[in-house]
2 protein chains.
Amino acid sequence: MTKLEEFLSSLETSDTPDQVQKLVESLRDIYGVTNAIYHAVNLDGAPYAALTYSPEWMDHYQAQKYVQVDPVVRGALQHFHPMDWKRLDWSSKGSRSFLGEATGAGIGNQGLSIPIRGPNGQFALFTVNHECSDREWEVFSKEAKRDMMLISHFLHQQVVKIVMPDGPRQYERLSPRETDTLKYLAVGLTRGQIAEKLQISEHTLRVYIDSARFKLGALNTVHAVATAYSRGLITF
Amino acid sequence: MTKLEEFLSSLETSDTPDQVQKLVESLRDIYGVTNAIYHAVNLDGAPYAALTYSPEWMDHYQAQKYVQVDPVVRGALQHFHPMDWKRLDWSSKGSRSFLGEATGAGIGNQGLSIPIRGPNGQFALFTVNHECSDREWEVFSKEAKRDMMLISHFLHQQVVKIVMPDGPRQYERLSPRETDTLKYLAVGLTRGQIAEKLQISEHTLRVYIDSARFKLGALNTVHAVATAYSRGLITF
DNA sequence: TGGAAATTCCCCTAAAATAGCGAGGGTTAA
DNA sequence: TTAACCCTCGCTATTTTAGGGGAATTTCCA
């Protein structure tokens with residue numbers, strides 16, 4: 001039984017946050033790394049975390065608002081592939097002071113972070129980090145990278161199942177015209193321009209905006225466009 | 001050498017669209033399926049496709065605007081995990097007529113589709129489909145699912161490298177205040193409400209909207225929020 | 001230390017958004 | 001067939017936002 005299968009088999013039986021926490025700890029032990037971190041930014045509005053960092057470091061991280069300077073987070077939002085920490089941009093002043101404190105807090109000097117993106121604006125970050133030499137890390141990285149990619153995916157999947165047991169909410173569908181309207185609004189066209197593009201009166205266009213807003217439960221146009229985008233109803 | 005490694009090794013040497021096309025065809029042959037399809041909705045604004053469907057079917061698909069009724073596409077936008085076609089919602093009238101035409105066009109009755117989400121609103125869909133019995137498909141599905149997940153990831157990664165060789169564009173960063181402002185705008189708050197929340201005057205708030213709009217190259221507020229969201233600068 | 005950026009404040013007018021009232025014809029599904 | 005939804009258009013009214021100016025701090029980075 002491979003490490004990956006060992007982990008995935010225990011994953012399936014984990015259906016409470018406590019068990020997920022234990023899972024992340026077991027992951028750390030199975031792969032022999034210093035820390036393993038799963039952190040979802042936005043699951044049904046609330047954040048979610050399961051990690052092996054010390055509570056002190058977490059408090060400090062939050063108090064200092066490190067999420068704003070943490071190059072891992074910033075990199076994750078802009079990248080697709082797993083990121084080796086060595087390749088991130090640690091140049092800014094904030095990053096460097098953060099790095100100093102992080103190494104002081106027992107966080108490995110090596111790390112691999114995997115961005116996870118789901119529907120409805122879901123975004124999560126899965127990280128393993130380790131205290132070791134560059135050469136050791138290279139070996140580990142090469143061996144375990146694909147495992148980590150799959151693990152990050154399945155772990156997120158499982159967390160979503162726990163946090164939102166009813167599955168993806170079935171939202172009301174938008175009509176083609178409503179979709180068109182929101183799509184054009186999202187790229188910055190004015191009502192007049194969109195009406196012309198769709199060959200309808202500006203007033204009719206307004207009806208679509210209104211009905212889309214109503215269906216999406218949005219407070220205003222900006223909210224409607226943002227909501228439609230986050231639900232995957234429109235794409236750029 | 002496993003099938004996966006066989007594919008990934010040829011992936012690395014493919015750095016033109018033509019070679020990617022060949023790659024997808026070789027993928028079909030390596031795994032012995034009827035079709036393999038990679039389709040990116042939004043890479044740098046333009047779509048991208050590499051697939052083994054006949055040109056006739058593609059033309060027909062586009063002419064009929066099937067993308068609007070295709071349950072695979074709709075499901076992909078709402079799901080995270082690989083989707084078995086059997087579990088999709090084929091109930092609507094449009095879906096059923098689409099299904100009829102698709103099976104007539106030599107598209108397998110079984111399929112697995114994997115949504116791929118990247119930064120900056122990247123969205124792609126990787127699909128393999130096959131003409132076979134439920135039992136055969138179950139065996140294939142169990143064996144190859146993880147391979148497909150990794151392949152979809154690496155394939156997208158490679159396509160991005162080809163289409164955008166300069167890597168992720170380095171956009172101008174937003175200041176914390178600008179980020180806050182856009183975040184609150186995205187959830188439907190009015191300027192007055194946001195100003196109150198941030199304890200600043202409404203006029204000041206406007207400066208942030210303006211500067212954010214300018215930095216993002218957005219035509220108006222809606223555009224700015226949509227752009228910020230798609231670039232991962234704000235999250236819900 | 002000097003300049004760039006961030007943060008804060010203000011006025012103005014035209015445009016857009018929101019809300020309310022209406023109407024008619026077409027398609028679809030129960 | 002009837003109800004529900006989609007697409008289309010008209011009018012009025014109020015509130016809010018957009019975007020054009022200008023200007024003062026502080027904070028941060030080179």
Side-chain angles (χ1 to χ4, degrees), chain A residues 64-65 68-69 89-98 171-182 184-227 233, chain B residues 65 68-69 89-98 171-182 184-186 188-227 233:
Chain A
Q64 299 290 318
K65 294 190 178 176
Q68 292 185 3
V69 294
D89 175 19
W90 298 89
S91 64
S92 89
K93 195 191 165 190
S95 298
R96 271 179 282 116
S97 74
F98 166 69
Y171 296 107
E172 206 169 348
R173 281 177 193 162
L174 296 182
S175 77
R177 281 308 212 194
E178 287 159 354
T179 309
D180 290 341
T181 301
L182 293 182
Y184 286 127
L185 281 175
V187 295
L189 301 190
T190 66
R191 290 173 168 194
Q193 291 171 316
I194 301 172
E196 197 181 350
K197 210 155 208 144
L198 298 178
Q199 288 290 304
I200 55 177
S201 80
E202 195 174 329
H203 178 263
T204 304
L205 189 89
R206 242 185 43 200
V207 175
Y208 297 140
I209 300 176
D210 290 349
S211 57
R213 207 178 55 236
F214 180 76
K215 282 187 186 173
L216 296 169
L219 298 168
N220 53 42
T221 305
V222 178
H223 192 196
V225 171
T227 306
L233 300 171
Chain B
K65 294 191 179 174
Q68 290 185 3
V69 293
D89 175 20
W90 297 89
S91 64
S92 88
K93 197 193 167 190
S95 298
R96 270 180 281 116
S97 73
F98 166 70
Y171 295 106
E172 207 168 347
R173 283 177 192 161
L174 296 182
S175 76
R177 282 306 210 194
E178 288 159 354
T179 309
D180 290 342
T181 301
L182 293 181
Y184 286 127
L185 282 174
L189 300 190
T190 66
R191 300 208 280 193
Q193 291 171 317
I194 301 172
E196 197 181 350
K197 210 156 206 141
L198 298 179
Q199 289 289 307
I200 54 177
S201 80
E202 197 175 327
H203 307 281
T204 304
L205 189 87
R206 238 192 47 205
V207 176
Y208 297 139
I209 301 176
D210 290 350
S211 58
R213 208 179 52 238
F214 180 74
K215 283 187 186 176
L216 295 168
L219 297 168
N220 52 42
T221 305
V222 178
H223 192 195
V225 171
T227 306
L233 299 171

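Proteins get letters first, then strands, A, B, ... in listed order; numbering begins at 1 in each.
Counting any heavy atom pair closer than 4.0 Å across all strands shown, B/Thr190 reaches sugar-phosphate atoms only and no base atom. Heavy atoms of B/Glu202 sit under 4.0 angstrom from primed sugar atoms or phosphate atoms, though from no base atom.
Put simply, CD1 on A/Ile194 is 14 Å from P on D/dT8, counting in whole angstrom units. Note: CD1 (A/Ile200) to P (C/dG26) measures 18 Å, nearest angstrom. The distance between atom CG of A/Asp210 and atom C1' of C/dG22, rounded to the nearest whole Å, is 15 Å. One interatomic measurement links the two molecules: CG of A/Leu205 to C1' of D/dT8, which rounds to 12 Å at whole-angstrom precision. One interatomic measurement links the two molecules: CG of A/Leu189 to P of C/dA16, which rounds to 12 Å at whole-angstrom precision. D/dT8 atom P lies 10 Å from atom CG of A/Asp180, rounded to whole Å. Separating the CZ atom of B/Phe214 from the P atom of C/dA5 is a distance of 10 Å, rounded to the nearest angstrom. In this entry the distance linking CZ of B/Arg191 with P of D/dT15 reads 17 Å, nearest Å.
For D/dT8, neither phosphate oxygen OP1 nor OP2 lies less than 4.0 angstrom from any side-chain nitrogen or oxygen of A/Ser201. Regarding contacts with the backbone of C/dT7, a side-chain N or O of B/Ser175 is found under 4.0 angstrom from either OP1 or OP2. In this structure, B/Arg177 reaches the C/dT8 phosphate: one of its side-chain N or O atoms is under 4.0 Å from OP1 or OP2. At C/dT8, one or more side-chain N or O atoms of B/Tyr208 fall inside 4.0 Å of OP1 or OP2 (strictly under the cut-off). Between A/Thr204 and D/dC9 there is a side-chain polar atom (N or O) within less than 4.0 angstrom of OP1 or OP2. Under 4.0 angstrom from either OP1 or OP2 of D/dT8 there lies no side-chain N or O belonging to A/Arg206. A close approach under 4.0 Å does occur between a side-chain nitrogen or oxygen of A/Arg213 and OP1 or OP2 of C/dA19.
Listed by first and then second residue, the salt bridge (Lys or Arg N to Asp or Glu O under 4.0 Å) pairs that reach into residues 198-222 of chain A are A/Glu178-A/Lys215, A/Asp210-A/Arg213, sequence neighbours excluded.
Between B/Lys215 and B/Val222, the one whose closest nucleotide on DNA chain C sits nearer the 5' end is B/Lys215.
The C1' atoms of five pairs define one axis at each end of the helix from C/dT8-D/dA23 to C/dA30-D/dT1, and these two axes lie 60° apart (to 10°).
Residues A/Leu185 and A/Thr221 approach most closely at CD1-CG2, 3.7 Å, considering heavy atoms. For the residue pair B/Val225 and A/Ala226, the shortest heavy atom distance occurs at CG1-CB, 4.3 Å.
Side-chain contact between B/Leu198 and B/Thr181 is present, with at least one heavy-atom pair separated by less than 4.5 Å. The closest side-chain heavy-atom distance from A/Thr204 to A/Arg177 is not below 4.5 Å.
At a cut-off of 3.5 angstrom, counting only N and O atoms as typed in the model, there is a donor on one side and an acceptor on the other between the side-chain of A/His203 and the base of D/dC11.
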